[in-house]
S.K.: 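After the C-alpha cells below, expect a handful of questions from me.
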Amino acid sequence: MLCPIINNMQGFDFLGKMLFIFGIVLIVLGLFLMFAGRIPYIGRLPGDIVIQRKNFTFYFPITTGIIISIILSLLFWFLGRK
C-alpha cells in the first residue's frame with residue numbers, strides 16, 4: 001500500500017484527476033501572469049492604492065484583488081456544481 005488514501009485503483013483515479021486539474025490551474029495562472037501587463041486597468045482600478053515617493057513605489061491593488069476573487073469564486077462555484 002503506497003498511501004492510506006490511495007489503497008485501490010479508485011485512489012489513483014482521484015490522484016490523476018487532481019494532478020490534471022492542478023496542471024490546468026498552473027497553465028492558466030502562467031498565461032495570466034504573461035499577459036497581465038496587456039490587460040487594461042488591472043491594478044489601476046478605483047480603490048487600488050498607489051503610493052509614489054522619490055525612490056519608492058507601493059502598489060496595493062485591493063479592488064483588483066476583490067474582483068479577481070469574485071470571478072474565481074464564481075468560476076469554482078460553477079465548476080463544482082453537479
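The shown structure was predicted, so the numbers you read here are calculated from the model rather than taken from an experiment.
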S.K.: Membership question, hydrophobic clusters at under 4.5 Å side-chain separation (ILVMFWY): are Ile21 and Leu29 in the same one?
M.R.: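 Hydrophobic grouping puts Leu29 apart from Ile21.
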S.K.: Is Leu33 reachable from Val28 through a run of hydrophobic residues whose side-chain heavy atoms are each under 4.5 Å from the next?
M.R.: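 Val28 does not cluster with Leu33.
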S.K.: If I compare all heavy atoms of Leu45 with all of Ile67, which pair ends up nearest, and what's the gap?
M.R.: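 Looking at all heavy atoms of both residues, the closest pair is CD1-CD1, 3.6 Å.
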S.K.: Could you check whether any side-chain N or O of Ser73 sits under 3.5 Å from a backbone N or O of Ser69, counting only pairs where one atom can act as donor and the other as acceptor?
M.R.: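 A pair under 3.5 Å: yes.
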S.K.: Any link between Ile68 and Phe35 through a network of hydrophobic side chains (Ile, Leu, Val, Met, Phe, Trp, Tyr) touching at under 4.5 Å?
M.R.: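 Different clusters.
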S.K.: Under 4.5 Å between side-chain heavy atoms, hopping through other hydrophobics if needed: is there a path connecting Ile27 to Met34?
M.R.: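 As far as the 4.5 Å side-chain criterion goes, Met34 and Ile27 are connected within one cluster.
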S.K.: Same hydrophobic cluster for Ile49 and Phe56, using side-chain heavy-atom links shorter than 4.5 Å among ILVMFWY?
M.R.: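 Hydrophobic grouping puts Ile49 with Phe56.
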